[in-house]
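Predicted model only: the values in this text are computed from it and were never measured.
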Amino acid sequence: MKPIHNTYTPVADFIEEYIQSHTVRAHMPGHKGIAPTNHQDAIYAHDLTEITGADSLYEAEGILLQSEEITTLLFGSYHTYYSAGGSSQCIKTMCALACAYHYQNHTQRPLILAGRNAHKTFIHASQLLRFDIKWLESNNDDSLCECKITPDSLEKALSSLDALPCALYLTSPDYLGNILDIKELATVCHKYHMILLVDNAHGAYLKFMDEPFIHPIDDGADLVCDSAHKTLPALTGAAYLHISKHAPAALLKLSATVRDYSVMFGSTSPSYLIMESMDHVNEWLIKHPDAYKQFAIKISKLKQNIKALGFHLRESEPFKITLSVPNQGKSLMADLTAHHIECEYADPDFVVLMLSPLNSDEDLSRINHVFASLSHKEKYLQNRMKRMKTSLPEVKYQPYELLFASEEEIDVDDKCIGRICVRCHIGCPPAILPIVPGEVINAQTITVLMKYDIKTIHVLKNL
């Protein structure tokens, strides 16, 4: 790929030139490029604001637009927009675009169909934008993190609805590494004149892999968000919002409003450190075009070694090692931490390690050695998984209807049954709610809440 604008890194180049100019920083931020303690000043020196020549993310027409254009070429999108507010900001912006797309030809409230393993940011988007949600469920899941939607199950769900949704929202890959059949699901969506939104936060690197691992933007999705920081070498908070070249013309016309929606959900002072890191990612990807393909070979060998030790690994995307350890997830996480290996995620039944080409061969060797040292523990080699029941609770309200409702916090026990959820706290990871605001708590809900160690829940106050 040849440089456009004579450079791969317009943002980084500008910042470096600004540092070397020794300009008086009579502008924000307050540190003026100098660390307040005995740390290196380099990070502070690179932390700028929207000064002359630095462009402005939400009105980008200079170096930030140039950097986005390089990313757009790398991903092959209609346009790729930067976010310094993570995929959370991108998800809300995608939902705003879906609502705007709907209101071009309709007056009733938008309805978005969604996989039940949606990140809680999607529920927050519903509360802020006031669109209705209709959940899809899967009867083949072992975890909150999963929702194995198929083209057939999507067709069946659509045939049962009185009104068609404006969009389908999916999570792929999910936290356990499952990848949905985006290509066929997109075909169903477009048959029903719906747009497809994909939370691909864990899969930015898929663009740089060979088949069968395909980025959703190449598989028919219309809007896709990626967390650049999760699998690419960017700083935490770096994310992309991609619009497909093949999106409906009416949606492409809305691209002029993307930055207006995005700023509603993020700081008006996005971090230049984050945006500069995205600039450097472009250069790194261009100079290392096969890095992910080559590293996938190493990870595949590591997975084979771990399997040979007797551990049960789930089929997953290439760079996740997902171990199935029923009722032993927290214990295995503790053992790994004690050996100075920090995993990405652990719940009662699964442990997930998430790797990238920036992990060294020594890292992989240490992981292999630690699993070998743990292979004598029989409890980690069992795989008698008790499948979760995932039938959906009764819906009394949409999430936005209870945003400011009178509520009370109660213990999770049988006395909760019949109460209406207003808020349910679950951290990130996985940030997937066992019960959504507006749903009625039932016995199955109690079981799931207790499994994930959620001890209290906020419910609609009895008046």
Any luck finding a side-chain donor-acceptor pair between [X] and [Y] under 3.5 Å?
{"X": "Thr456", "Y": "Asp411", "result": "no"}
{"X": "Thr71", "Y": "Asn282", "result": "yes"}
{"X": "Asn442", "Y": "Thr445", "result": "yes"}
{"X": "Ser138", "Y": "Glu146", "result": "no"}
{"X": "Asp132", "Y": "Tyr400", "result": "yes"}
{"X": "His119", "Y": "Thr121", "result": "yes"}
{"X": "Lys307", "Y": "His312", "result": "no"}
{"X": "Tyr292", "Y": "Asp290", "result": "no"}
{"X": "Ser83", "Y": "Gln89", "result": "yes"}
{"X": "Ser143", "Y": "Tyr175", "result": "no"}
{"X": "Tyr240", "Y": "Glu68", "result": "no"}
{"X": "Asp226", "Y": "His242", "result": "yes"}
{"X": "Ser67", "Y": "Tyr82", "result": "yes"}
{"X": "His246", "Y": "Asp222", "result": "no"}
{"X": "Ser77", "Y": "Lys245", "result": "no"}
{"X": "Glu155", "Y": "Tyr192", "result": "yes"}

If you take all heavy atoms of [X] and [Y], which pair is closest and at what distance?
{"X": "Pro434", "Y": "Ile454", "answer": "CG-CD1, 3.8 Å"}
{"X": "His215", "Y": "Gly203", "answer": "CD2-O, 3.8 Å"}
{"X": "Cys343", "Y": "Val352", "answer": "CB-O, 3.5 Å"}
{"X": "Ile217", "Y": "Ile243", "answer": "CD1-C, 4.0 Å"}
{"X": "Ser87", "Y": "Ala239", "answer": "N-CB, 3.5 Å"}

Would you say the side chain of [Y] lies within less than 4.5 Å of the side chain of [X], judging by non-hydrogen atoms?
{"X": "Leu158", "Y": "Pro165", "answer": "yes"}
{"X": "Leu185", "Y": "Leu154", "answer": "yes"}
{"X": "Asn117", "Y": "Cys145", "answer": "no"}
{"X": "Leu358", "Y": "Trp284", "answer": "yes"}
{"X": "Asp142", "Y": "Leu176", "answer": "no"}
{"X": "Ile195", "Y": "Pro248", "answer": "yes"}
{"X": "Tyr272", "Y": "Leu64", "answer": "yes"}
{"X": "Val198", "Y": "Leu223", "answer": "no"}

Indicate yes or no: does [X] engage [Y] in a salt bridge with an N to O separation below 4.0 Å.
{"X": "Arg419", "Y": "Glu408", "value": "yes"}
{"X": "Asp181", "Y": "Lys183", "value": "no"}
{"X": "Arg423", "Y": "Glu407", "value": "yes"}
{"X": "Lys303", "Y": "Glu317", "value": "no"}

Step by step, work out the ring-ring contact (aromatic ring centres under 6.0 Å, His included) result for His79 and Tyr81.
-> CA-CA 6 Å; His79 193 83; Tyr81 295 86; 4.4 Å; yes

Begin with the C-alpha distance, continue with both residues' side-chain angles, and end with the deciding distance and a verdict on side-chain contact (heavy atoms from CB on, under 4.5 Å) for Tyr261 and Lys92.
-> CA-CA 8 Å; Tyr261 292 134; Lys92 291 168 186 167; over 6 Å; no

Counting heavy atoms not belonging to Lys293, are there more than 12 under 6.0 Å from its NZ?
->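 Correct, the count exceeds 12.
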
Would you say Lys379 has more than 12 foreign heavy atoms packed within less than 6.0 Å of its NZ?
->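 Buried by this count: over 12 neighbours within 6.0 Å.
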
For [X] and [Y], I'd like to know if the aromatic rings sit close, meaning centre-to-centre distance below 6.0 Å.
{"X": "Phe122", "Y": "Phe131", "answer": "yes"}
{"X": "Phe295", "Y": "Phe208", "answer": "no"}
{"X": "Phe371", "Y": "His369", "answer": "no"}

What do the steps show when you test Phe213 against Phe319 for ring-ring contact (aromatic ring centres under 6.0 Å, His included), and what is the final call?
-> CA-CA 11 Å; Phe213 301 106; Phe319 291 175; 9.0 Å; no

Audit row: Lys451, Asp349, salt bridge (Lys or Arg N to Asp or Glu O under 4.0 Å) steps and yes/no | CA-CA 10 Å; Lys451 178 180 179 70; Asp349 300 321; 2.6 Å; yes

Checking salt bridge (Lys or Arg N to Asp or Glu O under 4.0 Å) for the pair Glu283/Lys287: CA distance, chi angles, key distance, verdict?
-> CA-CA 6 Å; Glu283 182 178 39; Lys287 291 184 176 180; 3.1 Å; yes

Please name the residue in the list Cys424, Cys416, Cys421 that meets the side-chain contact (heavy atoms from CB on, under 4.5 Å) test with Leu449.
->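 Of all the options given, the one that passes is Cys424.
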
Run the numbers on Thr231 and Ser356 for side-chain hydrogen bond (donor to acceptor under 3.5 Å, both in side chains), then give the verdict.
-> CA-CA 6 Å; Thr231 58; Ser356 90; over 6 Å; no

